There are 2 protein chains.
Amino acid sequence: MEDDENTGTDTGRPTARARNRRGQGARLRDDIVAAAAGLLAETGDERAITLRSVARRVGIAAPSIYAHFPDQPAIMLAVVREAHVELNGALRHAVDRAGRDPRERLGALCHAYLTFAQDHPERYRTMFGGLWMPALGESSVTERDLTDLGQESLALLADLLAECVAAGASASTDPAADAVALWLGLHGLAHQRAVTRAFPWPAGIAERVITPLAHLTT
Amino acid sequence: MEDDENTGTDTGRPTARARNRRGQGARLRDDIVAAAAGLLAETGDERAITLRSVARRVGIAAPSIYAHFPDQPAIMLAVVREAHVELNGALRHAVDRAGRDPRERLGALCHAYLTFAQDHPERYRTMFGGLWMPALGESSVTERDLTDLGQESLALLADLLAECVAAGASASTDPAADAVALWLGLHGLAHQRAVTRAFPWPAGIAERVITPLAHLTT
DNA sequence: GTCATAAACTTACGGGCGTAACCTTTGAGT
DNA sequence: ACTCAAAGGTTACGCCCGTAAGTTTATGAC
């Protein structure tokens, strides 16, 4: 039936991959991460990211992953790291495009955050859903690896909020702490949107969250 | 080595279960849900809830679950439903104990919500994390089953916020919509706490979220 | 007592998974 | 030209999973 040489085991490798050059072994690492990210985007289910499925997609044998990742959680961590880099880039880009008014810059940041989550729900869920970490002690991923992840975007948010305070656009008395509160509101909205598409959202829910939490002056 | 009669297959049934009486077949259903909930609480990983693991814990054979649940997602839904009932009970209890001052009643509700999430992180994650639903079209669980789940507690929150407005304790102009915003803030905090224990929480983060979102008057 | 039937069991198949142990290709340096 | 290690492949073991098909047990109505 199949004219292929599927003689025995599960070498379900559709795209035979060209072997890398001598020093280029690390390029496979990036391909593995990209494949995992693609798998996540297509299936929307992080359970679909398994050593074998990733290997199949890359076009390599499953054990070949061991040379680059000790674990499946390690792959996850790499995917999440990359996603955070992308998120931070999108946030910075949005802030830069927003001009100089601190209030508009903060608004741009918040909306870019929400847009990112809405455009890539499965990625957002994986970044913050924390499902792949319960087996933490058994995996190669440490707790520090996780806590450091969101700090950059949070710092960006805190900076912009402080800008708003300095410009008189926000009445916050503790921008660093209120930035956390604001982020929590954004996260709640972003996460819930990423989880259930069907929810009776009131109109203008984003502003209803952002304006009070940022203590924006009317 | 094992003096047990493990003759062949995986009937790893440690606690031989007494067969139910004629009309009491539905009691096993409750036991299944309880076992799944226990499994979730102990492992903290909803992936650990599988047909076979649940069956092992109940003390029945895996296929016997089919008589009560068509799916593994169906078990999940039952667990989440029960958890929501429990949450609503806890919220009501807290509100009742809080006396008559609307503002204190609202505060009690919010803190009870956060406490529930902190006391049962894995349950909270499962209730709102939405990991078990990606394979939605393939399972017996419909989208309606999910959207209806949080409505009761949300309605309770909206009622209390309206009470606060009536008593002059809140400046909200649209309690129903602001209740959603307030819930999102609570959810963001609760979820993040349920996901990562290690996070640089500022002091009084809960009030920092609740007070602005509820538009509480100082 | 008998006996239909609810309640649950047994067996078995096919598949996916992680990973240990070993083997092959290939290109760079000599 | 030859080697040798990097990069990756092969095979295989053991485990767990969902579920289809048929079978046993014991309860309660007659």
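Chain letters run A, B, ... following the sequence lines, proteins first and then strands; every chain starts at 1. Note that this is a predicted model, so its numbers are computed, not measured.
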J.: Among C:dG18, D:dC17, D:dG8, which nucleotide sits nearest the side chain of A:Arg52?
T.: C:dG18

J.: Nearest-Å distance, CZ (B:Arg56) to C1' (C:dC9)?
T.: 16 Å

J.: Could you tell me whether the phosphate oxygens of D:dG8, OP1 or OP2, come under 4.0 Å of any side-chain nitrogen or oxygen in A:Arg29?
T.: no

J.: Less than 4.5 Å apart, side chain to side chain, heavy atoms only: is that true for A:Thr126 and A:Ile49?
T.: no

J.: Round to the nearest Å and state the distance from B:Phe69 atom CZ to C:dA8 atom C1'.
T.: 16 Å

J.: Which of these nucleotides, C:dC17, D:dG8, D:dC17, is closest to any side-chain atom of A:Ser53?
T.: C:dC17

J.: When the distance from CD1 of A:Ile65 to P of C:dT19 is rounded to whole Å, what number comes out?
T.: 11 Å

J.: Quick one: which of D:dT10, C:dA8, D:dA20 gets closest to the side chain of A:Pro63?
T.: D:dT10

J.: In whole Å, what is the span from the CD1 atom of A:Ile60 to the P atom of D:dA7?
T.: 13 Å

J.: What is the distance, rounded to the nearest whole Å, between atom CG of A:Asp71 and atom P of C:dC17?
T.: 16 Å

J.: Measure the acute angle between the ring planes of A:His84 and A:Phe128, then classify it against the limits of 30° and 60° as parallel, tilted or perpendicular.
T.: perpendicular

J.: Which word best sums up how the rings of A:His187 and A:Tyr124 line up, parallel for under 30°, tilted for 30 to 60°, or perpendicular for over 60°?
T.: tilted

J.: Tell me which nucleotide among D:dG18, C:dA8, D:dG8 gets nearest to the side chain of B:Leu51.
T.: D:dG18

J.: Hey, does the side chain of B:His68 come within less than 4.0 Å of C:dA7's phosphate (OP1/OP2), counting only N and O?
T.: no

J.: Can you measure B:Leu39 atom CG to D:dC16 atom P for me and round it to whole angstrom units?
T.: 14 Å

J.: In whole angstroms, how far is the P atom of C:dG18 from the CZ atom of B:Arg47?
T.: 11 Å

J.: Do B:Arg27 and B:Asp31 sit within salt-bridge range, that is, some charged N less than 4.0 Å from a carboxylate O?
T.: no

J.: When rounded to the nearest 0.5 angstrom, what distance separates NE2 in B:His191 from OG1 in B:Thr196?
T.: 9.0 Å

J.: Could you tell me whether the phosphate oxygens of C:dA6, OP1 or OP2, come under 4.0 Å of any side-chain nitrogen or oxygen in B:Arg27?
T.: no

J.: Within the pair A:Thr50 and C:dG18, is there a side-chain N or O less than 4.0 Å away from OP1 or OP2?
T.: yes

J.: Measure from the side-chain heavy atoms of B:Tyr66 and tell me the nearest of C:dT10, C:dG18, D:dG18.
T.: D:dG18

